[in-house]
S.K.: 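Here it is, the structure, as structure tokens.
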Amino acid sequence: MGLAGWVVALAIAANAQQELAVVDASVLGQAAQDAAVLSGSVTDATGATVKGAQVTVTAGSVKLQVATDDAGKFAFTLPPVSQQVTVTVVAQGFAASSVTVAMVGDERKELPAIVLRVGADQTVEAISQVQQADIEIHQEETQRLFGAIPNYFVSYTWNAQPLTVKQKYSLTWKTVIDPVSWGINAGVAGIQQANNSLPGYGPGWSGYGKRFGAVSGDFLIGTYMGGAVFPALLHQDPRYFYKGTGSIKSRFFYALSTAVISRGDNGKWQPAYASVLGDVSAGVAANLYAPKSDRDGWSLVLENGLLAAGFDGVGNVIQEFVFKRVTPASKKSKQQP
């Protein structure tokens, strides 16, 4: 073939290729026009868009994948066939999410936003109510006035979880076995000895020992009955809940009112049956083992129990305005919002 023949042959081939290209573009254009489109967006639980999430669509044997754009959006072009389509979204830090939709022919469908939840690979993990309460009372068991005196029955977390029966007894046990608690009992007995309170116990070490035993008995019975036994039976929380916000007047009357109201395990405020009965129980017990010459009548015992409940209210006023400042471990806790 001469040069002229080659030129003619190349021209014919080029013309055929051009016609083929035109036919292919026409076919592709028709296919695009007939295709189905599935689009949507991905957000987190707060409504913020999730960029770069991997979105996979599975339609029969077809599997396609794209990443969400800066606006958290995605789109797929699918064959115009009626079928069930599964969309799966995966993003770092989130649990995978899937949704199945029906596509009909060349339908163009936009899905509602797919919301991703925090996944297991995050440091945030779901814990039970009991576990959260354990965390909170562990904090409370580090609270000491001036870094020394146990101040366990105070919650500086306003929305603290209710305690189980076991947790109420545990908090009480930690209080009664604390060496500082017994040191305070010894000091109170010494003051009674110096003032010759309850003279029926007599003087000297014998009298001091009896006074120390009586003070310790009052402490044990009052703490257990008011901190564990009655709160467990009556489903009430034995702790004082620090308010920390509002006017001085509102905080004062709130703290004082805790002599007669307390938070139930259901989160509602109710008459403080457990606390009052704990105070009365301690008074009854003290009257039983006090020297006969120093025992009061039962009406006076009841009166003293109610008076002790009033002292609880006054003590909680001091908790509200003074004790938090001298309880170092409470600084990490949450106050009322």
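Bear in mind that the values here come from a model prediction, so they are computed numbers and not experimental data.
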S.K.: Measure the spacing between OG1 of Thr175 and CG of Leu220 and express it to the nearest 0.5 Å.
M.R.: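 One gets 11.0 Å once the value is rounded to the nearest 0.5 Å.
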S.K.: Nearest 0.5 angstrom please: Phe230 CZ to Ser275 OG, how far?
M.R.: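 Rounded to the nearest 0.5 Å, the CZ-OG separation comes to 11.0 Å.
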S.K.: Do Val55 and Thr68 come within less than 4.5 Å of each other through their side chains, counting heavy atoms only?
M.R.: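 Touching, per the 4.5 Å side-chain cut-off.
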S.K.: Donor-acceptor pair, Glu320 side chain versus Gly244 backbone, under 3.5 Å?
M.R.: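 Yes, the answer is positive, given that a donor and an acceptor are paired below the 3.5 Å cut-off.
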S.K.: Hey, does the side chain of Thr164 reach the backbone of Gln167 with a donor-acceptor pair shorter than 3.5 angstrom?
M.R.: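 It does hold such a pair.
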S.K.: Does one hydrophobic cluster hold both Leu233 and Tyr224, with members joined at side-chain heavy-atom distances below 4.5 Å?
M.R.: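 Hydrophobic grouping puts Leu233 with Tyr224.
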S.K.: How close do Met225 and Pro231 get, counting heavy atoms only, and between which atoms?
M.R.: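 Looking at all heavy atoms of both residues, the shortest contact is O-CD, 3.5 Å.
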S.K.: Which heavy atom of Asn185 sits nearest to which heavy atom of Phe219, and what is that distance?
M.R.: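 Taking Asn185 first and Phe219 second, the nearest heavy atoms are ND2-CD2, 3.4 Å.
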S.K.: Calculate, to the nearest 0.5 Å, the distance between atoms CZ and CG belonging to Arg211 and Asn196 respectively.
M.R.: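 The CG atom of Asn196 is 5.5 Å from CZ of Arg211, to the nearest 0.5 Å.
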S.K.: Which distance, rounded to the nearest 0.5 Å, do you find between the OG of Ser41 and the CZ of Phe74?
M.R.: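 So the gap between those two atoms works out to 7.0 Å.
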S.K.: Might you point out which heavy atoms bring Ala259 and Val276 nearest each other, and give the distance in Å?
M.R.: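 Closest approach of Ala259 to Val276, heavy atoms only: O-CG2, 3.9 Å.
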S.K.: Assess the residue pair Tyr169 and Val229 against the criterion (side chain to side chain contact (heavy atoms under 4.5 Å, CB included)); give the C-alpha distance rounded to whole Å, side-chain angles, the decisive distance to 0.1 Å, and a yes or no.
M.R.: CA-CA 8 Å; Tyr169 274 92; Val229 177; 3.5 Å; yes
S.K.: Before you tell me yes or no, could you show the steps for Glu136 and Gln161 under side chain to side chain donor-acceptor pair (under 3.5 Å), namely the whole-Å CA-CA distance, both residues' side-chain angles and the distance that decides it to 0.1 Å?
M.R.: CA-CA 8 Å; Glu136 291 166 354; Gln161 295 295 327; 5.2 Å; no
S.K.: How are the rings of Trp205 and Tyr208 set to each other: parallel, tilted or perpendicular (split at 30° and 60°)?
M.R.: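 Trp205 and Tyr208: perpendicular rings.
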S.K.: For the hydrophobic clusters of this structure (ILVMFWY residues joined by side-chain heavy atoms under 4.5 Å, transitively), does one cluster hold both Val280 and Tyr273?
M.R.: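 No, no single cluster joins them.
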S.K.: Evaluate the side chain to side chain contact (heavy atoms under 4.5 Å, CB included) criterion for residues Ile137 and Lys174: first the C-alpha distance (whole Å), next the side-chain angles of each, then the deciding distance (0.1 Å), finally the verdict.
M.R.: CA-CA 11 Å; Ile137 63 173; Lys174 294 287 179 62; over 6 Å; no
S.K.: For the residue pair Glu140 and Ser155, establish whether any side-chain heavy-atom pair is separated by less than 4.5 Å.
M.R.: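 Counting from C-beta outward, Glu140 and Ser155 do come under 4.5 Å.
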S.K.: Evaluate Val284 against Ile221 for side chain to side chain contact (heavy atoms under 4.5 Å, CB included), listing each step before the verdict.
M.R.: CA-CA 10 Å; Val284 170; Ile221 294 171; over 6 Å; no
S.K.: Could you tell me which non-hydrogen atom of Glu107 sits nearest to which non-hydrogen atom of Lys109, and how far apart they are?
M.R.: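 Taking Glu107 first and Lys109 second, the nearest heavy atoms are OE2-CE, 3.0 Å.
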S.K.: Kindly indicate whether the side chain of Thr58, heavy atoms from C-beta on, has any atom under 4.5 Å from the side chain of Thr88.
M.R.: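 The answer is no, as the side chains (C-beta and beyond) never meet within the 4.5 Å cut-off.
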S.K.: Is a side-chain N or O of Asn195 found less than 3.5 angstrom from the main chain of Ser197, in a donor-acceptor match?
M.R.: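 Pair absent, no side-chain N/O of Asn195 close to backbone of Ser197.
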S.K.: Where the side chain of Ser170 meets the backbone of Lys166, is there a donor-acceptor pair that is under 3.5 Å apart?
M.R.: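 Answer holds: no.
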S.K.: Rounded to the nearest 0.5 Å, what separation is found between the OG1 atom of Thr258 and the CG atom of Asp312?
M.R.: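 The OG1 atom of Thr258 sits 7.5 Å away from the CG atom of Asp312.
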S.K.: Using the rule side-chain hydrogen bond (donor to acceptor under 3.5 Å, both in side chains), only one of Glu141, Gln143, Arg144 pairs with Tyr152; which is it?
M.R.: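 Result: among Glu141, Gln143, Arg144, Arg144 is the only option passing the side-chain hydrogen bond (donor to acceptor under 3.5 Å, both in side chains) with Tyr152.
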S.K.: Given side chain to side chain donor-acceptor pair (under 3.5 Å), test Gln65 with Thr56 step by step and report yes or no.
M.R.: CA-CA 4 Å; Gln65 187 177 77; Thr56 303; 2.9 Å; yes
S.K.: Are Leu64 and Thr77 side-chain neighbours, meaning at least one heavy-atom pair lies under 4.5 Å?
M.R.: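 Result no, sub-4.5 Å side-chain heavy-atom pair not found.
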S.K.: Please assess Asp44 against Thr46 for the test side chain to side chain donor-acceptor pair (under 3.5 Å), listing each intermediate value before the final yes or no.
M.R.: CA-CA 5 Å; Asp44 62 16; Thr46 68; 2.6 Å; yes
S.K.: Hey, is the main chain of Gln270 close enough, under 3.5 Å, to the side chain of Gln236 for a donor-acceptor pair?
M.R.: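 Here the side-chain-to-backbone pair does not exist.
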S.K.: Considering non-hydrogen atoms only, spot the tightest contact between Pro238 and Gly227 and give its length.
M.R.: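 Taking Pro238 first and Gly227 second, the nearest heavy atoms are CG-O, 3.4 Å.
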S.K.: Would you say Ile248 has more than 12 foreign heavy atoms packed within less than 6.0 Å of its CD1?
M.R.: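 Atom CD1 in Ile248 is not packed in, count stays at 12 or less.
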S.K.: Taking C-beta and beyond as the side chain, do Pro291 and Lys210 meet within less than 4.5 Å on heavy atoms?
M.R.: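 When only atoms from C-beta onward are counted, Lys210 and Pro291 do not touch, as no gap falls below 4.5 Å.
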S.K.: State, with a plain yes or no, whether a side-chain heavy atom of Val154 is found less than 4.5 Å away from one of Lys324.
M.R.: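 No, their side chains stay 4.5 Å or more apart.
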S.K.: Does the Trp173 side chain pair with the main chain of Lys168, one donor and one acceptor, at a distance under 3.5 Å?
M.R.: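 Not at all, since once roles are kept as given, no pair shorter than 3.5 Å links the two residues.
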S.K.: Any side-chain heavy atom of Pro162 within less than 4.5 Å of one from Arg263?
M.R.: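 Counting from C-beta outward, Pro162 and Arg263 never come under 4.5 Å.
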S.K.: Start with the C-alpha gap between Tyr240 and Tyr254, add the side-chain angles, then the distance that decides, and say whether ring pair (Phe, Tyr, Trp, His ring centres under 6.0 Å) holds.
M.R.: CA-CA 11 Å; Tyr240 172 73; Tyr254 158 74; 5.8 Å; yes
S.K.: Just by distance, do the side chain of Ser181 and the backbone of Ile177 share a donor-acceptor pair under 3.5 Å?
M.R.: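 Side chain of Ser181 to backbone of Ile177, a donor-acceptor pair under 3.5 Å: no, none is there.
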S.K.: Go through the steps to decide whether Phe94 and Arg117 satisfy the test side chain to side chain contact (heavy atoms under 4.5 Å, CB included), and finish with yes or no.
M.R.: CA-CA 6 Å; Phe94 296 93; Arg117 306 295 176 182; 5.9 Å; no
S.K.: Do Trp182 and Phe212 have side chains that approach each other closer than 4.5 Å (heavy atoms only, starting at C-beta)?
M.R.: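 Yes. Closest side-chain heavy atoms under 4.5 Å.
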S.K.: Honestly curious: do Ile191 and Tyr201 fall in one hydrophobic cluster under the side-chain, below-4.5 Å linking rule?
M.R.: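 No, no single cluster joins them.
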S.K.: Among Met103, Arg108, Glu110, whose side-chain contact (heavy atoms from CB on, under 4.5 Å) with Val37 holds?
M.R.: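 For Val37, the side-chain contact (heavy atoms from CB on, under 4.5 Å) test succeeds with only one of Met103, Arg108, Glu110, which is Arg108.
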S.K.: Between Ala274 and Leu234, what is the shortest heavy-atom contact and its length?
M.R.: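 Looking at all heavy atoms of both residues, the shortest contact is N-CD1, 3.8 Å.
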S.K.: Can you tell me how far CG of Asn316 sits from CG of Leu256, rounded to the nearest 0.5 angstrom?
M.R.: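 Going from the CG atom of Leu256 to the CG atom of Asn316 covers 9.0 Å.
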